[in-house]
There are 2 protein chains.
Amino acid sequence: MSLNSARTSRAGPCETKDTQARLLNAAEALFIDAGYAGMSARAIADRAAVNIAAMGYHFGSKQGLLQAVLIRRIAPINRSRRARLAAVPERGSESVKAILHAFLWPVFFNEHEAPARRLMGRVMTEPAEVVEPLLNLVFSDVIEQFVVAMAACFPKQDPALIAQKFSFVAGALNFTVLRPAERLFGSAPANEVSFERLLNFAVDGFQEGPSVTVVHEDIV
Amino acid sequence: MSLNSARTSRAGPCETKDTQARLLNAAEALFIDAGYAGMSARAIADRAAVNIAAMGYHFGSKQGLLQAVLIRRIAPINRSRRARLAAVPERGSESVKAILHAFLWPVFFNEHEAPARRLMGRVMTEPAEVVEPLLNLVFSDVIEQFVVAMAACFPKQDPALIAQKFSFVAGALNFTVLRPAERLFGSAPANEVSFERLLNFAVDGFQEGPSVTVVHEDIV
DNA sequence: CCCGAGTTTAAACGGTCGTTTAAACTTATC
DNA sequence: GATAAGTTTAAACGACCGTTTAAACTCGGG
């Protein structure tokens, strides 16, 4: 049998890696469009032109297949994020922008840009509780590193504020690549222009200190 | 039969409005937690302590029930948004903040705050294509009005930039009320503090002009 | 040449899905 | 009390769900 523990003995016959790749591609496309509930085992098998039992054989379960889909695309992005973060000059006046650049750039510009972007946006908003452990598996480490790095830029500010601002940036990033944002706001899909807009928006949002205290009127 | 066209003849017997309210409440709770695919007809009926056929009788279909759920909560929010937007002083230096305040406040503070917030965040990121027409039905008008109002504050800027910045704000707003944001970023759930943070973040993001041009290095 | 590990396959498993039907029930009006 | 509109109900509809089984197939190594 396979299930990762395979690939140890000699080659095996047919087109194993091809079957796995076809399953990954089909599952990815369906997940991006329709979420976890919408990527049905039969739809995946049909799109991949593969028998339905192949999913269980190669990935154990539907959740296992999704995990492989996520790791294939998002692990390289997070590696790139970490490498760029490590190259950010400490405490310089440009650090904030450089940190946000390191966080955003690998999502916009990488191998398979569009699938990776949409995949990320989709998984971060997925309601199915099966994906929660996958989210932590894939994202929690890198997020923590970025929050720590950014907090170092604002030693006087509440770290919880930094974390929440980062979640605003992540929200803007994720929402931007989802279909509702493009449809409802008529905004262009992700590209170089969108990247610069989002980066500048995030940098300005992180600038220190609230401008004016907020008014709490009670109009209906 | 019912289906909205009801309530025309005399009272009807039992507890019609009660049954409808129970269905609405149950569907709302399930949709918030699990999305459209996760709010199954049987789960709704069970939670509402109502026969499963009542959904079809009162709302026509599962999609019809979701539409009623959305309108019940989001229409009042959008009414409040419009009223507040109409009260914003034109072109004043505080207009930007006032417009964003009018956009965000009714989501955070209204009757049934938490359900309304989470409902909004969930529906804006829902993959199921059944909700797309509902999104346009509920949101497109109010969004256009806010983009137009904000564009008037920045007559020299590209309107597409304004629209995209608004989609960043909407993304930050929506993501903030979803569970992944709370879990991954350890940030507090929506409350007064979060509201002010988000408002200030949005205001700063809208400030005119990019700070520095972006660097396009190519680290791996 | 055949053995056996690795892979693919058809078929079926029990369950849940959204929706529909027709009969039973409730109640205001005559 | 009979009538009829409105509402609730049990039961079933066909379709699809994720997963599993056991047999067929592929092919390198003995």
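Chain letters run A, B, ... following the sequence lines, proteins first and then strands; every chain starts at 1. Being a predicted model, the structure only gives us computed values, none of them experimental. These numbers come from the heavy atoms of this one structure, side chains and all, not from hydrogens, waters or symmetry mates.
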Where the side chain of B/Ile52 is defined as all heavy atoms beyond and including C-beta, which of C/dA11, C/dT7, C/dT19 is the nearest nucleotide?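 Closest nucleotide among those given: C/dT19.
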
Of the listed nucleotides C/dT20, D/dT7, D/dT19, the one nearest the side chain of B/Ala53: C/dT20

Validate the cation-pi geometry between [X] and [Y]: distance from NZ or CZ to the six-membered ring centre under 6.0 Å, angle to the ring axis within 45°.
{"X": "B/Lys97", "Y": "B/Phe206", "result": "no"}
{"X": "A/Arg81", "Y": "A/Phe103", "result": "yes"}
{"X": "B/Lys62", "Y": "B/Tyr36", "result": "yes"}

Length of the line joining [X]:[atom1] and [N]:[atom2], which is rounded to integer Å:
{"X": "B/Met55", "N": "C/dT20", "atom1": "CE", "atom2": "C1'", "result": "11 Å"}
{"X": "B/Asn51", "N": "C/dA23", "atom1": "CG", "atom2": "C1'", "result": "13 Å"}
{"X": "B/Tyr36", "N": "C/dC17", "atom1": "OH", "atom2": "C1'", "result": "11 Å"}
{"X": "A/Leu23", "N": "C/dT9", "atom1": "CG", "atom2": "P", "result": "11 Å"}
{"X": "B/Asp18", "N": "C/dT27", "atom1": "CG", "atom2": "P", "result": "13 Å"}
{"X": "A/Tyr57", "N": "D/dT26", "atom1": "OH", "atom2": "C1'", "result": "12 Å"}
{"X": "B/Phe59", "N": "C/dT20", "atom1": "CZ", "atom2": "P", "result": "16 Å"}

Using a cut-off of strictly less than 4.0 Å between a heavy atom of the residue and any atom of DNA chain D, enumerate the qualifying residues of residues 37-47 of chain A by number.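 Under 4.0 Å from DNA chain D: A/Met39, A/Ser40, A/Ala41, A/Arg42.
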
Looking at B/His58, I'd like to know whether one of its side-chain N or O atoms comes within less than 4.0 Å of OP1 or OP2 on D/dG6.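 No, because none of the side-chain N or O atoms of B/His58 sits under 4.0 Å from OP1 or OP2 of D/dG6.
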
Residue-phosphate contact under 4.0 Å: A/Thr19 side-chain N/O, C/dT7 OP1/OP2: no

Would you check if the side chain of B/Gln63 reaches a backbone N or O of B/Val130 as a donor-acceptor pair within less than 3.5 Å?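 At least one qualifying donor-acceptor pair exists.
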
B/Arg122 side chain to A/Thr125 main-chain N or O, any donor-acceptor pair under 3.5 Å? yes

Is there a residue in residues 27-34 of chain B whose heavy atoms reach under 4.0 Å of DNA chain C, and which residues are they? none

May I ask you to decide if the ring planes of B/Phe201 and A/Phe168 are parallel, tilted or perpendicular, using 30° and 60° as cut-offs?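 Taking A/Phe168 first and then B/Phe201, their aromatic rings sit tilted (interplane angle of 30° to 60°).
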
Over 60° means perpendicular and under 30° means parallel, so classify the ring planes of B/His101 and B/Trp105, tilted if in between. parallel

Test salt bridge (charged side-chain N to carboxylate O under 4.0 Å, His left out) on B/Glu144 and B/Arg82; report intermediate values, then the result. CA-CA 11 Å; B/Glu144 189 188 345; B/Arg82 271 186 263 256; over 6 Å; no

For B/Asp18 and B/Arg22: C-alpha separation, side-chain torsions, deciding distance, then whether salt bridge (charged side-chain N to carboxylate O under 4.0 Å, His left out) applies. CA-CA 6 Å; B/Asp18 188 59; B/Arg22 295 162 84 85; 3.7 Å; yes

